[in-house]
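Quick note on labels: first sequence line is chain A, next is B, and so on, each numbered from 1. From a predicted model like this one, the values you see are computed outputs, not experimental measurements. Scope of the values below: all heavy atoms of this structure, side chains included, with no hydrogens, waters or symmetry mates.
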Number of protein chains: 2
Amino acid sequence: MTGPGWDAIRAEVLRRIRARDWRPGEAIPTEAALAAEFGCARATVHRALRDLAEAGVVERRRKAGTRVALQPVRRATLEIPVIRAEVEARGQRHGFRLIEDRDLLPPLPVASRLGVGADRPLRRMFTLHLADGRPFLHEDRWLNPAVLPRPAPDFAAVSVNEWLVTHVPFSAGEMSFAAEGANVREARALGVDLGAPLLVTERVTRTETQAVTLVRLAYAPGHRLQMRL
Amino acid sequence: MTGPGWDAIRAEVLRRIRARDWRPGEAIPTEAALAAEFGCARATVHRALRDLAEAGVVERRRKAGTRVALQPVRRATLEIPVIRAEVEARGQRHGFRLIEDRDLLPPLPVASRLGVGADRPLRRMFTLHLADGRPFLHEDRWLNPAVLPRPAPDFAAVSVNEWLVTHVPFSAGEMSFAAEGANVREARALGVDLGAPLLVTERVTRTETQAVTLVRLAYAPGHRLQMRL
DNA sequence: GAGTGGTCTAGACCACCAA
DNA sequence: TGGTGGTCTAGACCACTCC
């Protein structure tokens, strides 16, 4: 006496939305009604509708009910591995060089984006990542030294990127992409012309209590970032 | 007689992982054991752990149990609105111009990426999207005419992008980003120099039964794509 | 095989919020 | 204030997969 699975219900609801039985903006039946129709528990319907809500297909509010999204917002997810893993996943050998590493007072824009005072020095680091010995990615980082243990790790042996990912707790943050012309450091490190189009990503990460790092990653020309829709 | 909520359990498990009570690669207790410890139903623990698995913090396999992820893969999600909505969200007025629209036999790479025969013409369309009258994005599209109704919509009145999102059922697909130098069409349409760094995204979308479209979007210089971590 | 996560049930109570 | 989704329970069976 067990009804259809939640994925079957998800599929059927999706079918009706695509078939325009339920049109964008319209309310669809309540969980209780659908459970009765499909002959299953309300929890099963709930599981299916929650999944569709996460996918952006429907919008749900208590009391207001469930509506077909007016503009089905597509969400794409990007998996961000450790850079070493990213290189090795391409079947190449990863290496890196710590180009520069010093303490520096952050300029105001950097301090404010990290939410730290501009009167305390941060660790400023430049790293070049290599794939089979060829330039892969240039990393320009401001690191809050407060997140480091004492004594601090040897970032010539383990890349900052990898150390942070494996040792600093799950944190919140933002990330953005843009295309920019290579700056002087990037051009020299990656071996490209000044102003060559590079895919650049900027990330800010924080723990609950403090800023961790602000980093600008510039990929070597031709790099494509793959996402799942 | 109701125990802690699933989010409280999620938080506690996360705390123990961050505190290295449970180290990367190690198995954590079973759902049943955690339910007993926390004094709640197994379903509640399940809800919490499923959430952590989706976030990439733990890995779960039947029989093998739940392990702390060795390399916590970060997932960033990108929301992809209709281009009109994207412009309007910036407080600007959206407009567009259909630059060119004709039927053309696809070159082999295009046909194979879409999974259609190279012997049937596709719709080739170039559209320029405007924000407050200024170039915002150049759209270079191959469209499978089989997805269109008869008579076909008037793409001079509604942008292809918007029509597809609101009329073609939820579909699977891939997406990628890169930085590329502006090509001749893009340079002319966006009003930039040939070879200027542009953020370019390519999408292929399919329904369950057929290919829909392959599109290359080139954003005007300076555009940043924001993601949530 | 047997242990683990994945799912379903029938019921209950709660939180939210539009009417 | 009542209707809706969100959650929790105690139990059951199933599916996968490691041993």
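Atom pair B/Leu49:CG and C/dT4:C1' shows a separation of 12 Å (rounding to whole Å applied). In this structure, the CD1 atom of B/Ile28 is 13 Å from the P atom of C/dT4, given to the nearest Å. Distance CZ (B/Arg50) to C1' (D/dT7): 13 Å, rounded to an integer number of Å. In this structure, A/His46 atom NE2 and C/dA15 atom C1' are separated by 13 Å, rounded to whole Å. The distance from atom CZ of B/Phe38 to atom C1' of D/dA10 is 19 Å, rounded to the nearest whole Å. Distance CG (B/Asp51) to P (D/dC8): 12 Å, rounded to an integer number of Å. The interatomic distance linking A/Glu31 (CD) with C/dT9 (P) rounds to 13 Å, in whole Å. In this structure, the CG atom of A/Leu34 is 14 Å from the P atom of C/dT9, given to the nearest Å.
Summarising the local packing, CZ of B/Arg134 is surrounded by 12 or fewer heavy atoms from other residues, nucleotides or ligands at distances under 6.0 Å. Within a 6.0 Å sphere centred on CZ of A/Arg61, heavy atoms belonging to other residues, nucleotides or ligands number 12 at most.
Ion pair B/Arg206/B/Glu174 flagged as a salt bridge, since at least one NZ, NE, NH1 or NH2 atom sits closer than 4.0 Å to an Asp/Glu carboxylate oxygen.
If you check residues 54-67 of chain B against DNA chain C, the residues with a heavy atom closer than 4.0 Å are B/Arg60, B/Arg61, B/Arg62, B/Lys63, B/Gly65, B/Thr66, listed by number.
Nearest to the side-chain atoms of B/Thr2 among the listed nucleotides D/dT9, C/dG5, D/dG6 stands D/dT9.
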Fill in: Check against side-chain hydrogen bond (donor to acceptor under 3.5 Å, both in side chains), B/Thr213 and B/Arg141
CA-CA 7 Å; B/Thr213 191; B/Arg141 185 183 296 273; 3.2 Å; yes

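With A/Arg67 contributing its side chain and A/Gly25 its backbone, the two residues share a donor-acceptor pair below 3.5 Å.
A/Arg42 comes within contact range of at least one nucleobase, with a heavy-atom separation under 4.0 Å.
Phosphate contact (OP1/OP2 of D/dT9, side-chain N/O of B/Thr44, threshold under 4.0 Å): present.
B/Arg15 meets the salt bridge (charged side-chain N to carboxylate O under 4.0 Å, His left out) test with B/Glu12; sequence neighbours excluded.
B/Phe155 and B/Phe96 make their closest contact through O-CE1, 3.4 Å (heavy atoms, listed as atom of the first residue, atom of the second, distance).
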